[in-house]
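First comes the structure, then the notes that go with it.
Lettering follows sequence order; numbering is per chain, from 1. The basis for the numbers below is simple: all heavy atoms, side chains too, and nothing from hydrogens, waters or symmetry mates.
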Protein chains: 2
Amino acid sequence: MTVDAVVFGYSRMDGVSLLLIKRKYDPFKGSWAIPGGFVLDDESLEDAVERELQEETGLRINYLEQLYTFGKPERDPRSRIVSVAYFGLVKSTQFQKLRATTDAEEAAWFTFKKLPKLAFDHKKILNVSIERLRGKITYQPIGFELLDKKFPFSDLEHLYGSLLGRPIDRRNFKKKVMSMGILDELDEKAKSTGAGRPGSLFQFNKATYDRLLKNGMHFEI
Amino acid sequence: MTVDAVVFGYSRMDGVSLLLIKRKYDPFKGSWAIPGGFVLDDESLEDAVERELQEETGLRINYLEQLYTFGKPERDPRSRIVSVAYFGLVKSTQFQKLRATTDAEEAAWFTFKKLPKLAFDHKKILNVSIERLRGKITYQPIGFELLDKKFPFSDLEHLYGSLLGRPIDRRNFKKKVMSMGILDELDEKAKSTGAGRPGSLFQFNKATYDRLLKNGMHFEI
DNA sequence: GTTAATTGTGTACATATAACGCAAATATAA
DNA sequence: TTATATTTGCGTTATATGTACACAATTAAC
């Protein structure tokens, strides 16, 4: 009985990225793999995920949700091992932390375009996970879990664009998101990132979202 | 490691119903419970579900999908047992079969309004399952899996009405479903069920649905 | 043949989505 | 300092979709 955690991060530079670790032990020693490990007898599945992630990558995840349970008898060469996969999101601040220290370490971020070969059936787990993320982001506001607490609107726009894999009309997108009333526009301006006009910072208003949700509101992008 | 199967059925009389078994052994001997049992070492999770269902109820399910994995350490009084819950749908023909033979047996159908107290954390599993069924039926045509191969349109209408728990405008509903082109209207008429004008029979066209899906069509009711 | 139950159909209105272009603010290079 | 490239920010119109709503036709039972 193991748990695996498919963890996504986001940065303006690279877009959406995946957290992987390099395995220290056989089987698949030296291969890149999704972080995870065995569940202890007295801990819940969620606790196991958070513990393994902490041990292997030092990261604190921001959002965690059960993805799927993989149980084909032959999926692990050692013996019958059933794995409950979770999928998690981290704030882009955390993303940068790991990034600065792990180039030569055992944990690193990978963009979808530069994925290494993965151990076990982790490629399949990843595919299910990407599909879920893509699907979910259109009807639950989980995109915010990938951004900083305060972010320029363009971050949100680029996140959705890269995740959905299709161009987004900025005007219609903004109109829609703002009309839901779950984004607060702050007085601060983003600090310039090179070229162009700096925009306002925005912040997700979870309290408002929860209230709307309770009243039967239907989020959809 | 166990699997559990939350199986739904539908009949014109009772609407949507849930399949339960009466436990023969401790713990919870004599209680009603969701069918399920231990996974054998060399079988997949899906195989385990189908085997257990066959053993305990004799039913063949028509649609099976993994629901959620429940792993709280204290959920089973015997020891740490993780259970992968599936959710399944059976055709209303099958529904009637079981119904005719099991009144005094160990397996039976229950409407949501007349549910007995359930063993283990099965009430929680059921709740997750109902939520999933409700949510899914609006964006995937799984409702057909509960009906006969051929059915009068009113069956579909009643199924959606009772499942979504809100009245459905027959004209708008029919307009929408028919405009998707995934329902074929047959030449046969339904045989009368007591009173009223008999309507045409309809049939789900899975081939068309798959084709539309591949072309990026978006099912939603 | 009268009644009660059910099926079957169309139109007008409101709402939501999609398409589209240009001006303002900033950094950098000339 | 001026020109250029880059990014933000905004509003209108056309189209599509969803919603509300009423009455005639067919059958079984009485």
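In this structure, A:Arg170 atom CZ and C:dA18 atom P are separated by 17 Å, rounded to whole Å. At whole-Å resolution of the value, NZ in A:Lys176 and C1' in C:dA16 are 8 Å apart. Rounded to whole angstrom, the span from the NE2 atom of B:His218 across to the C1' atom of C:dA18 amounts to 16 Å. Between A:Glu220 atom CD and C:dT17 atom P the separation is 8 Å, expressed in whole Å. Nucleotide C:dT9 holds its C1' atom 8 Å from the NZ atom of B:Lys174, rounded to whole Å. Remark: P of C:dG21 and CG of A:Asn172 are 13 Å apart, rounded to the nearest angstrom.
When DNA chain D is scanned in the 5' to 3' direction for atoms under 4.0 Å from non-hydrogen atoms of chain A, the outermost contacting nucleotides are D:dT6 to D:dT12.
The neighbour count for A:Lys136 NZ, taken as heavy atoms of other residues, nucleotides or ligands under 6.0 Å away, is above 12.
B:Lys175 comes within contact range of at least one nucleobase, with a heavy-atom separation under 4.0 Å.
Under the 3.5 Å distance criterion, the side-chain polar atoms of B:Asp169 are matched with a main-chain donor or acceptor of B:Asn172.
Two residues, A:Lys189 and B:Arg171, neighbour DNA chain D, and the one matched to the more 5' nucleotide by heavy-atom proximity is A:Lys189. The residue among A:Asp169 and A:Gly196 whose nearest nucleotide of DNA chain D is located toward the 5' end is A:Gly196.
Classification of the A:Trp32-A:Phe110 ring pair by plane angle, with boundaries at 30° and 60°, yields perpendicular.
When all heavy atoms of B:Ala107 and B:Glu56 are compared, the pair lying nearest together is CB-O, 4.1 Å.
If you check distances only, the side chain of B:Arg197 never reaches the base of C:dT6 with a donor-acceptor pair under 3.5 Å.
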